[in-house]
Amino acid sequence: MSSSEGAPESWISSFCSLMGHEFFAEVSEDFIEDDFNLTGLQSQVPMYKEALEMILDVEPEEDEDEEEEEEEEDDDDEILGDEKPPGYRRANDRRHTRVASDLSVIESSAELLYGLIHQRYITSRPGIQQMLEKYEMQHFGVCPRVNCSGCKVLPVGRSDTPGQETVKLFCPSCQDLYTPPNSRFHSVDGAFFGTTFGCLFFMTFPDLDIRPQWDNPLAMPPPRSSLPSLNNQVSAEVPPPNQPAEINGMRTVNFSPGLGKGKVYESRIYGFRVSERSRSGPRMKWLRMKPTDITELDELTRYESFHGSADNEGDTEMGAAGGSAQNAAIAKRKKAPMRRRRYNPDQMSINGADAA
């Protein structure tokens with residue numbers, strides 16, 4: 001394969017341009033050539049050296065044994081001449097047959113090796129920046145959930161071991177996983193993205209806006225005439241004033257905007273909500289709920305307001321009520337009496353000698 005300029009296309013570019021490989025980022029050759037980034041992969045990939053040479057487009061070097069074998073074959077040809085035994089084949093022909101049979105194994109090993117390298121690359125600084133560009137351009141698609149309103153998703157894996165599960169799509173709006181809608185991605189191994197990338201991505205870029213994207217044609221809001229009335233739809237509660245803009249460095253508008261009251265599907269029959277006690281009633285709705293007051297999610301502030309804050313030396317500055325309650329509890333504790341061991345002159349010591 002060659003590009004439009006006539007220069008040969010690299011193996012990495014051709015691999016990422018295949019159908020179904022749109023989720024992959026192009027790993028730089030500098031990252032692959034660094035042996036530290038490939039630590040531990042040699043034992044997981046068969047024919048590791050040949051696969052690495054294929055990824056880097058390096059011509060395999062001929063071994064000295066093969067060169068000596070060719071020289072011996074040339075000497076045999078001069079001695080035998082036309083009188084060669086039946087079934088005789090030169091070493092070059094045998095090597096060609098061996099290479100042709102091993103080529104498919106090397107290609108599969110190269111794909112496995114590149115996937116494992118890709119899992120580590122997308123957690124590095126240049127790799128996660130490259131995935132950010134693909135995320136903003138919506139290369140991974142949007143969440144199929146209606147209440148997420150077209151939130152962009154991210155490819156993740158449920159296991160770091162190859163061959164366990166295929167790639168999944170993580171939605172930061174509802175904090176859930178989905179199978180890619182296109183079947184071309186159903187053969188992509190989820191270990192090539194790993195379990196770390198999804199969470200690390202949003203921790204690295206906390207300023208990303210994951211709120212409903214109404215500019216997306218696939219997630220346009222319904223017209224006002226078709227919106228349900230308050231009689232048959234639970235409306236979202238109005239949050240109290242003075243809500244913080246950030247909690248622990250994360251924007252509060254990105255705290256699962258697809259969850260909470262008004263963002264949970266209500267089962268209804270002829271306009272009446274189905275009771276949770278019904279056999280076919282809703283189950284586990286609390287998994288989709290979110291507090292209206294966002295300060296309830298700030299557990300650190302709530303803990304410090306109740307128990308006090310800890311200084312650098314590890315001592316805890318307790319409040320008046322909390323400190324007095326703890327001191328009273330400590331005062332009520334009774335110290336266990338210490339039992340003194342009596343000396344027995346007839347007892348042997350641990351070394352087997354008589355006690356002095």
Side-chain angles (χ1 to χ4, degrees), residues 22-25 118-119 121-125 127-160 165-182 185 188 190-221 236-237 239 243-265 284-300:
E22 290 84 356
F23 290 170
F24 286 93
H118 181 270
Q119 176 194 134
Y121 176 71
I122 59 179
T123 57
S124 63
R125 179 174 298 179
I128 204 169
Q129 186 69 33
Q130 189 174 349
M131 296 296 284
L132 173 63
E133 298 175 0
K134 298 172 70 69
Y135 175 81
E136 292 179 341
M137 297 176 65
Q138 200 171 309
H139 286 183
F140 310 126
V142 297
C143 181
R145 187 170 177 265
V146 175
N147 289 321
C148 288
S149 304
C151 179
K152 289 176 284 191
V153 293
L154 204 65
V156 296
R158 298 181 61 185
S159 175
D160 294 328
E165 287 191 5
T166 58
V167 64
K168 308 299 179 185
L169 298 177
F170 170 71
C171 174
S173 179
C174 60
Q175 300 287 321
D176 212 339
L177 295 180
Y178 299 92
T179 302
N182 200 324
F185 303 110
V188 180
F192 296 165
F193 297 88
T195 59
T196 304
F197 168 66
C199 181
L200 182 63
F201 180 85
F202 293 104
M203 291 181 63
T204 307
F205 307 106
D207 295 333
L208 283 177
D209 191 2
I210 62 175
R211 288 177 295 179
Q213 305 295 327
W214 298 124
D215 55 345
N216 183 5
L218 299 179
M220 290 295 292
E237 294 182 358
Q243 293 289 293
E246 292 185 359
I247 292 180
N248 296 333
M250 296 293 295
R251 298 178 60 186
T252 55
V253 293
N254 292 336
F255 286 1
S256 304
L259 303 181
K261 194 169 185 179
K263 298 294 183 66
V264 184
Y265 174 72
M284 310 292 286
K285 291 178 59 177
W286 57 271
L287 289 174
R288 298 283 189 180
M289 298 307 296
K290 186 180 70 172
T292 306
D293 188 2
I294 207 67
T295 57
E296 296 183 13
L297 300 177
D298 193 359
E299 298 180 357
L300 179 60

For [X], enumerate each residue passing the side chain to side chain contact (heavy atoms under 4.5 Å, CB included) test, keeping only those at least two apart in sequence or located in another chain.
{"X": "T166", "answer": "K168"}
{"X": "T195", "answer": "D160"}
{"X": "Y265", "answer": "S267"}

On a heavy-atom basis, which atom in [X] and which in [Y] lie closest, and how many Å separate them?
{"X": "F201", "Y": "L208", "result": "CE2-CD1, 3.6 Å"}
{"X": "V156", "Y": "L177", "result": "CG2-CD2, 3.6 Å"}
{"X": "V167", "Y": "P155", "result": "CG2-CB, 3.9 Å"}

[atom1]-[atom2] distance between [X] and [Y], expressed to the nearest 0.5 angstrom:
{"X": "F23", "Y": "F185", "atom1": "CZ", "atom2": "CZ", "answer": "4.0 Å"}
{"X": "R125", "Y": "T204", "atom1": "CZ", "atom2": "OG1", "answer": "10.0 Å"}
{"X": "I210", "Y": "L154", "atom1": "CD1", "atom2": "CG", "answer": "11.0 Å"}
{"X": "H139", "Y": "E133", "atom1": "NE2", "atom2": "CD", "answer": "9.5 Å"}
{"X": "F193", "Y": "H118", "atom1": "CZ", "atom2": "NE2", "answer": "5.0 Å"}
{"X": "T123", "Y": "M131", "atom1": "OG1", "atom2": "CE", "answer": "11.0 Å"}

- Item | Y178: ring-ring contact (aromatic ring centres under 6.0 Å, His included) partners, not counting sequence neighbours | none

- Query: Residues in ring-ring contact (aromatic ring centres under 6.0 Å, His included) with F170, at least two apart?
  - Reply: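 Expected list: none.
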
- Does K263 reach the main-chain N or O of P257 with its side chain, forming a donor-acceptor pair under 3.5 Å?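 Pair found, side chain donor or acceptor close to backbone of P257.
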
- Task: Return yes if some donor-acceptor pair links the side-chain N/O of R145 with the main-chain N/O of G258 below 3.5 Å, else return no.
- Result: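 Side chain of R145 to backbone of G258, a donor-acceptor pair under 3.5 Å: yes, one is there.
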
- Task: Evaluate side chain to side chain contact (heavy atoms under 4.5 Å, CB included) for F140 paired with K134, printing each intermediate quantity in order.
- Result: CA-CA 7 Å; F140 310 126; K134 298 172 70 69; 3.7 Å; yes

- Message: Please determine whether side chain to side chain contact (heavy atoms under 4.5 Å, CB included) holds for the pair C174 and C143, giving the CA-CA distance in whole Å, both sets of side-chain angles, and the decisive distance to 0.1 Å.
- Response: CA-CA 9 Å; C174 60; C143 181; 4.1 Å; yes

- Message: If you define the side chain from C-beta out and look only at heavy atoms, does anything of P180 sit under 4.5 Å from V153?
- Response: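 P180 does not reach V153 side chain to side chain.
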
- By side-chain hydrogen bond (donor to acceptor under 3.5 Å, both in side chains), which residues pair with N182, not counting sequence neighbours? none

- Query: Does the separation of the ring centres of Y135 and F205 fall below 6.0 angstrom?
  - Reply: no

- Query: Do D176 and C171 pass the side chain to side chain contact (heavy atoms under 4.5 Å, CB included) test, and can you show the C-alpha distance, the side-chain angles, and the key distance before you say yes or no?
  - Reply: CA-CA 6 Å; D176 212 339; C171 174; 5.7 Å; no

